[in-house]
Amino acid sequence: KMLAGSVAAVLKRPPSTALISLALRRFSIHNVDAVPLMYDDYDVDTNRHLSPLLICHGMLGSRNNWTSMAKQIHKKTGRRVVTVDARNHGDSPHTASMSYVEMAADIHKLIQLEIQKLVVVDISPVNQTFDV
């Protein structure tokens, strides 16, 4: 119930990519080789007036941890929901290095390719990707 309440609180906030923009300003992620992340996109009968929701799993997790919750959020809100595997997690490419700047670059690449305006739900140490 606490998790569902937290997600509901995030959904009520105005959509913003401010955390990603902060990472772009503070670090040069443009010089980082971003990897193409694997993701699931719940985008059927979506309300286009609502910003998409990007859900990032916690440390040692994968996008599959969020499948059930993502489907319910999509079904109940009509919002497009995207769950993503971070580099070196789940089905995303496994690389020799994994820094917060690299993970921010990976997410930035996904956003540029697939999503323009979004709300981010991020859990555990992986959330440093957006605090960078």
Task: Euclidean distance, N47 CG relative to R79 CZ, rounded to 0.5 Å - done: 8.5 Å

Open item on the list: Within this structure, what is the OG1-CG distance for the pair T83 and N65, rounded to the nearest 0.5 Å?
Closed with: 9.5 Å

- [ ] Please round to the nearest 0.5 Å and tell me the distance separating atom NE2 of H89 and atom NE2 of H57.
- [x] 5.0 Å

Task: Validation row: T46, H74 side chains within 4.5 angstrom (heavy atoms) - done: yes

Open item on the list: Looking at every heavy atom in both G78 and L50, which two are closest together, and how far apart are they?
Closed with: C-CD1, 4.4 Å

- [ ] Can you see which heavy atom on A34 is nearest to which on D106, and at what distance?
- [x] CA-OD1, 3.2 Å

TODO: Work out which heavy atom in D85 is nearest to a heavy atom in G90; give both atom names and the distance.
DONE: OD2-CA, 3.5 Å

- [ ] Supply the atom-to-atom distance M38 CE to L110 CG, rounded to the nearest 0.5 angstrom.
- [x] 11.0 Å

TODO: For side chain to side chain contact (heavy atoms under 4.5 Å, CB included), just list the numbers for D43 and R48, CA-CA rounded to whole Å, side-chain angles, deciding distance to a tenth of an Å, and then say yes or no.
DONE: CA-CA 10 Å; D43 192 17; R48 298 292 175 200; 3.1 Å; yes

Task: Closest non-hydrogen atom pair between S97 and N88, with its separation - done: O-ND2, 3.8 Å

- [ ] Report the distance from atom OG1 of T67 to atom CZ of R63, rounding to the nearest 0.5 Å.
- [x] 7.5 Å

TODO: Taking the side chain as every heavy atom from C-beta outward, state whether L53 and T77 have any pair of such atoms under 4.5 Å apart.
DONE: no

Task: Connected via hydrophobic side-chain network under 4.5 Å: Y42 and M69 - done: yes

Task: Approximate separation, where rounding is to 0.5 Å, of D45 CG and K75 NZ - done: 12.5 Å

- [ ] Would you name the heavy atoms of L37 and R87 that are closest together and state the gap between them?
- [x] CD2-N, 3.7 Å

